[in-house]
Q: 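Quick one: the structure is below, and I'll ask about it shortly.
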Amino acid sequence: MTTPLPALPAIEARDLRVTRGEKAIVRGVTVAAQKGEVLGVLGPSGAGKSTLFRAMVGEIPAASGEVRLFGEDVSGAPLWARARQGVAYLPQTPSVLWDLSVRDNLRAYHRVVHGGPWLSSLFRRGPLPGEDEAIKELSERVALDDRMDLRAGELSGGERRRLELARALTRPPKVLVCDEPFAGVDPQQASRLGDMLRALADQHGVAVLLADHHVAEALRVCTRAILLLDGQVAIEAEPGAFEEHPLVVGRYLGNWGRTFPPPLP
């Protein structure tokens, strides 16, 4: 009997190095996320998490190393090209259209992705074929169907983050990279958003990469976590072992790390 080959990672960084001037921010990081898992990339401020994510999605160039999608080297591809191959990115900074309603935000996202030449599609009179149904499905998926006529600027932090998640889901992703998805979000909303991210992995096979300073919520939904220190991977472990690791306790969390709730089954 032939032994099946192991599945290729959905997204992988190999010996990735990113510099700013003469300073190395990411120093030879190798990390991979499989289809259907939530990988936590955790560490203190300044560890290089955001820089690593920006290089993996193609927003900034790496000085050396590779980024691969399902085994294909995309190191030279820009962000838009990686997006077309299934990489969605939820950046740390707010990115909603503040003065537009939730409905019009979703309409704009849908037209940019599905409407052909994006500028002409944005100003098209009347909906694109299937647009209203797609917007309704997106709003229900992120639980904003009762906020459709509210301006994005009037949303709570958790609602705004869910609207940004809807943008990332406009083209069904294979990989979702989330930088601080729980920032500015109350615990109840963070839990709701965490459940959505975990469902994307469990039910749709999306590989989710997650960095956040809300470590308890991040570890609750992660299947595996790495600790990034000084731009390098220090450890990799399952959530329970991660929070108990001496390096995590000593260099990152202290005794606070022992108060985490158990991860999802």
Q: May I ask you to check whether S75 and E66 show a side-chain donor-acceptor distance below 3.5 Å?
A: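 Looking only at side-chain atoms, E66 and S75 do not form any donor-acceptor pair under 3.5 Å.
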Q: Would you mind checking if D195 and R220 are paired as a salt bridge, meaning a charged N to carboxylate O distance below 4.0 Å?
A: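 Answer for the salt bridge query: yes.
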Q: If you measure only the distance, is there a donor-acceptor pair under 3.5 Å linking the side chains of D179 and S50?
A: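 Yes, side-chain donor-acceptor contact under 3.5 Å.
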Q: Carefully, step by step, assess E154 and W98 under the rule side-chain contact (heavy atoms from CB on, under 4.5 Å).
A: CA-CA 8 Å; E154 299 176 288; W98 297 97; over 6 Å; no
Q: Please answer whether the main-chain N or O of E22 pairs with a side-chain N or O of T19 as donor and acceptor at a distance below 3.5 Å.
A: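 No; zero donor-acceptor contacts below 3.5 Å.
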Q: Between T223 (side chain) and V38 (backbone), is there a donor-acceptor pair under 3.5 Å?
A: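 Looks like yes, one N/O pair under 3.5 Å.
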Q: Got a donor-acceptor contact below 3.5 angstrom from the S139 side chain to the K136 backbone?
A: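 Yes: the side chain of S139 pairs with the backbone of K136.
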Q: Taking NZ, NE, NH1 and NH2 as the nitrogens, is one of them in D149 or R103 under 4.0 Å from a carboxylate oxygen of the other?
A: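 Looking at D149 and R103, the cut-off is met.
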Q: Is there a side-chain contact (heavy atoms from CB on, under 4.5 Å) between I226 and F242 once you walk through the steps?
A: CA-CA 8 Å; I226 68 169; F242 181 92; 5.7 Å; no
Q: Quick check against the 3.5 Å criterion: does T170 have a side-chain atom that pairs as donor or acceptor with the backbone of R167?
A: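 It does hold such a pair.
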Q: Between R161 and Q189, does any side-chain donor sit less than 3.5 Å from a side-chain acceptor?
A: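 Result is no, nothing qualifies.
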Q: Would the distance check show the side chain of E244 and the main-chain N or O of A241 forming a donor-acceptor pair, the cut-off being under 3.5 Å?
A: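 Checked: no pair found.
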Q: Return the minimal non-hydrogen interatomic distance between A55 and V18, and the atom names on each side.
A: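 Scanning both residues, the minimum pair turns out to be CB-CG2, 3.7 Å.
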Q: Between E164 and R162, is the closest basic N to carboxylate O distance under 4.0 Å?
A: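 No, this pair does not count.
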Q: Does CD belonging to E137 count more than 12 external heavy atoms closer than 6.0 Å?
A: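 Atom CD in E137 is not crowded, with 12 or fewer foreign heavy atoms closer than 6.0 Å.
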Q: Is there a side-chain contact (heavy atoms from CB on, under 4.5 Å) between I25 and L52? Walk through the geometry before answering.
A: CA-CA 8 Å; I25 308 299; L52 172 64; over 6 Å; no
Q: Restricting to salt bridge (Lys or Arg N to Asp or Glu O under 4.0 Å), what partner residues turn up for R82, sequence neighbours left out?
A: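 Listed in chain order: nothing, the list is empty.
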Q: So with a 6.0 Å cut-off around CD of E140, is the heavy-atom count from everything else above 12?
A: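 Yes - once you tally the heavy atoms of other residues, nucleotides and ligands closer than 6.0 Å, there are more than 12.
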Q: Between D212 and K49 (salt bridge meaning N to carboxylate O under 4.0 Å), is one present in this structure?
A: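 No, D212 and K49 are not salt-bridged.
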